[in-house]
Amino acid sequence: PCLTLPQPVQYLRRESDVRAAFGDLQVAVDDGTLGMVGFDLEWPAHDKTAKVSTLQIGRSDGRAYVVAMHELTRIPLA
């Protein structure tokens, strides 16, 4: 069966969007409203010319983020 989520996936391409999403994630973890976070990182292992890599983050509340790492000029830090 196809995977369905109760909320749309947020596709993040800008550092400011990534920072905002991660800030929201941190607040939910800190205040105890979020029980679990899962993540998956993907990149092409054999094609060194491909400029695609993504980080997928799934939350136990049904929200999900896909971070387009290949579109960021740098990796946002907290």
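Throughout, numbering of the chain's residues begins at 1 and tracks the sequence. Quick caveat, the model's predicted, so the values are computed rather than measured.
A 4.5 Å side-chain heavy-atom check between Leu55 and Phe39 finds at least one atom pair inside the cut-off. The closest side-chain heavy-atom distance from Leu72 to Val67 is below 4.5 Å. Under the 4.5 Å side-chain criterion, counting only non-hydrogen atoms from C-beta, Thr54 is in contact with His70. In this structure, the side chains of Ser60 and Val37 stay at 4.5 Å or more apart for every pair of heavy atoms. Side-chain contact between Leu12 and Val66 is absent, with no heavy-atom pair separated by less than 4.5 Å.
A salt bridge does not link Arg19 with Asp24: none of the charged nitrogens is closer than 4.0 Å to a carboxylate oxygen.
A continuous path of Ile, Leu, Val, Met, Phe, Trp and Tyr side chains, each step under 4.5 Å between heavy atoms, connects Tyr65 with Val29, placing both in one hydrophobic cluster. Val9 and Tyr11 fall within the same hydrophobic cluster, defined by Ile, Leu, Val, Met, Phe, Trp and Tyr side-chain heavy atoms under 4.5 Å apart, directly or through other members.
Here CZ of Arg59 is found 13.5 Å from CE of Met36. Values are rounded to the nearest 0.5 Å. If you take CD1 on Ile57 and CD on Gln10, they are separated by 10.5 Å, rounding to the nearest 0.5 Å.
Shown here are the side chain to side chain donor-acceptor pair (under 3.5 Å) partners of Thr33, two or more places apart in sequence or in another chain: Asp31.
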